[in-house]
Amino acid sequence: MPELPEVETIRRTLACRVEGRRIRAAWFLSPLVADGRPEVLSARLKGARIERLDRLGKHLLARLEGGATLDIHLRMTGKLLWNGEAGRWARAVIELDEGRVVFEDIRQFGRMRWWGEGEGPAGLGPDALGLSLREFAARLKGRRGRVKPLLLNQAVVAGLGNIYVDEALFRAGIHPLAQARRLGLTRMRRLHEAIMMVLNEAIEAGGSSIADYVDAEGARGGFQEWHQVYGRAGLPCVRCAAPVQRMVVSQRGTHYCRVCQRR
DNA sequence: ATCTATTCCTGGCTGC
DNA sequence: TGCAGCCAGGAATAGA
């Protein structure tokens with residue numbers, strides 16, 4: 001599942017390949033194109049130069065000459081492969097003046113969208129990476145609700161998903177069902193630090209490869225080896241040896257230690 | 001505002 | 001070996 005560290009790793013492995021290149025041709029399969037018809041997107045992209053590859057939360061943003069943006073969201077199983085083959089799971093191919101980008105997506109949840117000049121993905125909070133403690137605390141304090149659903153909400157903080165929320169909450173010693181606005185400054189600071197640490201370490205490791213994720217060169221990530229709770233239900237907690245618990249929160253598998261994580 | 005359930009989708013896994 | 005049934009979950013959506 002590409003979350004912030006995986007999308008950032010893809011951005012880093014792809015940016016040097018596509019920045020400055022011109023799009024010769026592109027095709028897309030429905031329903032990949034979120035807003036409009038695939039052939040309209042193809043026509044818009046033809047001949048455009050990619051100035052820069054940015055990231056906001058889990059969105060990859062290809063900044064095009066003239067101010068438009070191609071917004072790419074990988075959702076669950078989307079991959080962007082540099083010079084990949086247009087095989088069984090290809091949903092889009094973007095041919096550049098040198099090389100090509102193949103979008104593969106087994107489960108077809110991924111979406112691409114065109115934004116005109118001055119437009120962009122709507123309703124996103126600030127990117128999780130580089131978010132200050134002050135702003136982070138303010139955004140959680142102003143909300144009712146439990147901490148895990150809030151951290152998963154992209155309008156609150158952009159970029160966190162199921163894996164990194166579980167990992168950050170464990171490292172901060174906070175229960176996923178804790179009321180966010182009742183977290184004191186100490187625990188808020190610990191949570192902020194845990195998020196930064198987990199995201200930075202995961203980027204350093206090239207992301208987490210549970211099943212499908214690979215970067216633009218086809219390389220798997222290594223951070224799954226460092227997961228402390230995610231996917232470890234029933235195994236001993238790395239801190240206290242009590243079995244890691246699993247429950248469902250917001251329709252998502254939630255992994256935590258009932259000894260180390262307090263409400 | 002916050003919550004839950006539903007939808008999309010298919011490879012991989014479990015159990016028989 | 002085959003097969004049915006379930007599971008994984010990001011985000012949009014509807015309804016309570």
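All chains are named by letter (A, B, ...) in the order of the sequence lines, taking the proteins before the strands, and each is independently numbered beginning at 1. As the structure is a computational prediction, the values presented were derived from the model and not from experiment.
Of the candidates dA11(C), dT4(B), dA8(C), dA11(C) carries the atom nearest the H73(A) side chain, counting heavy atoms from C-beta on. Counting only heavy atoms from C-beta on, Q108(A) has its side chain closest to dC9(B) among dC9(B), dA11(C), dT2(B). Among the nucleotides dT2(B), dG10(C), dC3(B), the one closest to any side-chain atom of L152(A) is dG10(C). Listed nucleotides: dT2(B), dA11(C), dA8(C). Nearest to the side chain of R252(A): dA11(C). Of all nucleotides listed (dT10(B), dG10(C), dT2(B)), dG10(C) comes nearest to the side chain of M76(A). Side-chain proximity of R107(A) to the nucleotides dC9(B), dT2(B), dA11(C) is greatest for dC9(B). When the nucleotides dG10(C), dG11(B), dT6(B) are ranked by their closest atom to the side chain of M1(A), dG10(C) comes out on top. Across dA11(C), dT10(B), dT2(B), the shortest atom-to-atom separation from the side chain of Q154(A) is found for dA11(C). Here the nucleotide nearest the side chain of R146(A), chosen from dC3(B), dA11(C), dT6(B), is dC3(B). Ranking dG11(B), dG10(C), dT6(B) by closeness to the I106(A) side chain, first place goes to dG11(B).
Atom CD in Q179(A) sits about 13 Å away from atom C1' in dA1(B), given to the nearest Å. Separating the CG atom of L151(A) from the P atom of dT2(B) is a distance of 13 Å, rounded to the nearest angstrom. Residue N153(A) contributes atom CG, which lies 14 Å from atom C1' of dT13(C) at whole-angstrom precision. Atom CG in L150(A) sits about 15 Å away from atom C1' in dT4(B), given to the nearest Å. Here the P atom of nucleotide dC9(B) and the CZ atom of R88(A) are 16 Å apart, to the nearest Å. What separates NE2 of H59(A) from C1' of dA11(C) is a distance of 9 Å, to the nearest Å. At whole-Å resolution of the value, NZ in K148(A) and C1' in dT2(B) are 17 Å apart. The separation between L74(A) atom CG and dC9(B) atom P is 18 Å, rounded to whole Å.
Counting non-hydrogen atoms of other residues, nucleotides and ligands closer than 6.0 Å to CZ of R52(A) gives a total of 12 or fewer.
Taking OG1 of T9(A) as the reference point, atom CD of E217(A) lies at 12.0 Å (rounded to 0.5 Å).
Annotation for L45(A) and A26(A): closest pair CD1-CB, 4.4 Å, computed over non-hydrogen atoms. Taking both residues in full, the closest heavy atoms of A178(A) and L183(A) are given as CB-CD2, 4.4 Å, listed atom of the first, atom of the second, then distance. Closest approach of Y213(A) and G207(A) over heavy atoms only: CE2-CA, 4.4 Å.
Ion pair E8(A)/R12(A) flagged as a salt bridge, since at least one NZ, NE, NH1 or NH2 atom sits closer than 4.0 Å to an Asp/Glu carboxylate oxygen. Between E98(A) and R21(A), at least one side-chain N (NZ, or NE/NH1/NH2) sits under 4.0 Å from a carboxylate O, which counts as a salt bridge.
Contacts of R91(A) with the nucleic acid, taken as non-hydrogen atoms under 4.0 Å apart, are absent. Contact annotation for R75(A): base contact, defined as any heavy-atom pair under 4.0 Å involving a base atom. Across all strands, R111(A) comes closer than 4.0 Å to no nucleic acid atom at all (heavy-atom distances).
Side-chain atoms of Y164(A) and E6(A) form a donor-acceptor pair, as typed in the model, at a separation below 3.5 Å.
When the side-chain nitrogen and oxygen atoms of W89(A) are compared with OP1 and OP2 of dG11(B), one or more of them lie within a distance under 4.0 Å. Phosphate proximity of dT4(B) to Q251(A): absent, as no side-chain N or O sits under 4.0 Å from OP1 or OP2.
When the C1' atoms of four end pairs are superposed on the next four at each end of the helix from dT2(B)-dA16(C) to dC16(B)-dG2(C), using five pairs per end, the two resulting axes differ in direction by 50°, to 10°.
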